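See structure below.
In this text the structure is predicted, and so the values were computed from the model without any measurement. Every chain is numbered from 1, with letters handed out A, B, ... down the list of sequences.
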Number of protein chains: 2
Amino acid sequence: MINNTKILVINKSDIILLGLNDLLKNSLSNEIIYINSADELENYPHLMGYIIVLISENDFYQNKALINKQLKNATKIAYLFIELNSDKISANTINIYENADSITNKINELLSSFKRNISNKNELSKREIEVLKLLTKGLSNKEIAQILFISTYTVISHRKNISEKTKIKSTSGLTIYAIINKIVNIEEISTSELI
Amino acid sequence: MINNTKILVINKSDIILLGLNDLLKNSLSNEIIYINSADELENYPHLMGYIIVLISENDFYQNKALINKQLKNATKIAYLFIELNSDKISANTINIYENADSITNKINELLSSFKRNISNKNELSKREIEVLKLLTKGLSNKEIAQILFISTYTVISHRKNISEKTKIKSTSGLTIYAIINKIVNIEEISTSELI
DNA sequence: ATATAAATCACTATTAATTGGGATTGCAAA
DNA sequence: TTTGCAATCCCAATTAATAGTGATTTATAT
């Protein structure tokens, strides 16, 4: 469900890594990386998308530049600081003495906030997809409006939103986007329909 | 080479049909139909494309309505009148007393005029393909003009001609046309270029 | 309960595209 | 050598699209 979200755990202690692994193995993230130090990030080029980093606050500040460099392709990064100090407890901090539920809750909360982020900011809504399909068939905003029984203004609004979300303005670009993203099937489109 | 061109021979005399069959069997046409009367056209529904009709002038005028009805889906029809009268000789007339070469020449001339017709009227010119490629990349007429060092008017002219030839008016339709006809490669188009 | 976002509609100004005429030049084939 | 086409350019009228804002309603998730 949460696509494109990775969890990156950086901690010197293997015991902590193993413990977190146990907590996270049933999480909704599709990839979890465990490393002992930020230097090992070099073994993971191409890290991109949504990334949750579990790291000690200390390690974070000491490796800030390196982490930023290695995660430069990330869409969004969220940090959860793992602390050994029993009196440091906050929303963006995990204390190793917290109970398991509390920790998994914090992580799942982050994951679902990412989910909201992903779905709401990048994915096209049902209506937008309908508009895009008709657009791909060569129909004008006016014609699309007539088919969907909405006003031309609304179609224009949808197109604006589609272009904002996809960052694609041109009709040809949107057509290619629709084909690539399987919103329309090029095989099913008879050229005779395009007149 | 000559695709979509049919020869339709209509003559009461089987001997003439057989004789013409001998003359035409090596012609460039991809389908030759021999019938004794225009009524038999009912057995050939869906006749379309480029059609050369060999018929006597008399039969033609007596069956004009029927022939027009049965050939209503033809893209273009050319008539060659087969005459029994030895003094009727002209470019669009075949006299059965003409020698074989003369007859095949007349038919091949018609076929190649059709070929010119087909290739020139439907295929996109070099410049049109250039314009189509840029169009597919989401560029406006103005931008295309700047890239090709021609005026926007010319780009518009090219687009008019492209739409006339392909019968496709919409940008999305032309994009799909370009993909289907390998004028652009969808794999090579990075969506980031489409912004 | 409230914030969010999807879906709807509206207006104006500006820019772009289309349509439907023309015209000219140069080349290449019949 | 004429005919046809490709390629170029031009104009005016019309239609369509885009940008920039803003507003309402309804459903959903926290």
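Note: CZ (B/R127) to C1' (C/dG26) measures 15 Å, nearest angstrom. The interatomic distance linking A/K126 (NZ) with C/dT8 (P) rounds to 12 Å, in whole Å. We find that CD1 of A/I162 is positioned 12 Å from P of C/dT8, with the value rounded to whole Å. With rounding to whole Å, B/H158 atom NE2 is found 17 Å from C/dT18 atom C1'. The distance from atom CG of B/L135 to atom C1' of C/dA17 is 11 Å, rounded to the nearest whole Å. One atom, CD of A/E143, and another, P of D/dT15, lie 14 Å apart when rounded to the nearest Å. Between the CD1 atom of A/I168 and the P atom of D/dT18 there is a distance of 13 Å, rounded to whole Å. Taking atom CD1 on A/I150 and atom P on C/dA6, their separation rounds to 15 Å, with Å as the unit.
Taking only distance into account, the side chain of B/K169 never meets the base of C/dT19 through a donor-acceptor pair shorter than 3.5 Å.
Under the side-chain hydrogen bond (donor to acceptor under 3.5 Å, both in side chains) test applied with A/N141, the options A/Q146, A/R159, A/H158 reduce to a single match, A/R159.
The distance from atom OG of A/S172 to atom CG of B/L139, rounded to the nearest 0.5 Å, is 7.5 Å. Between B/I168 atom CD1 and B/Y177 atom OH the span is 7.0 Å, to the nearest 0.5 Å.
Salt bridge present: A/R127 and A/E130 bring a charged side-chain N and a carboxylate O closer than 4.0 Å.
Taking the side chain of A/T154 as heavy atoms from C-beta on, and the options D/dT18, C/dT8, D/dC9, the nearest nucleotide is C/dT8. Of the candidates D/dA16, C/dA6, D/dC10, D/dA16 carries the atom nearest the A/K142 side chain, counting heavy atoms from C-beta on. Here the side chain of B/N141 is nearest to one of D/dT21, D/dC9, C/dA17, namely C/dA17. Residue B/I156 has its side chain nearest to C/dT18 when only C/dA17, C/dT12, C/dT18 are considered. Nearest nucleotide to the B/S140 side chain, out of C/dG21, D/dA19, C/dA17: C/dA17.
If you check every strand for non-hydrogen atoms under 4.0 Å, B/S157 touches a base. B/K160 comes within 4.0 angstrom of a base, heavy atoms only.
For the pair B/N161 and A/T152, nearest-nucleotide mapping onto DNA chain D gives the more 5' position to B/N161.
Within the 4.0 Å cut-off from OP1 or OP2 of C/dT8, not a single side-chain nitrogen or oxygen of A/Y153 is found. Contact annotation: B/R159 does not reach the phosphate of C/dA17 (side-chain N/O to OP1 or OP2, under 4.0 Å).
Linking Ile, Leu, Val, Met, Phe, Trp and Tyr whenever their side-chain heavy atoms come within less than 4.5 Å puts A/I129 and A/I147 in one cluster.
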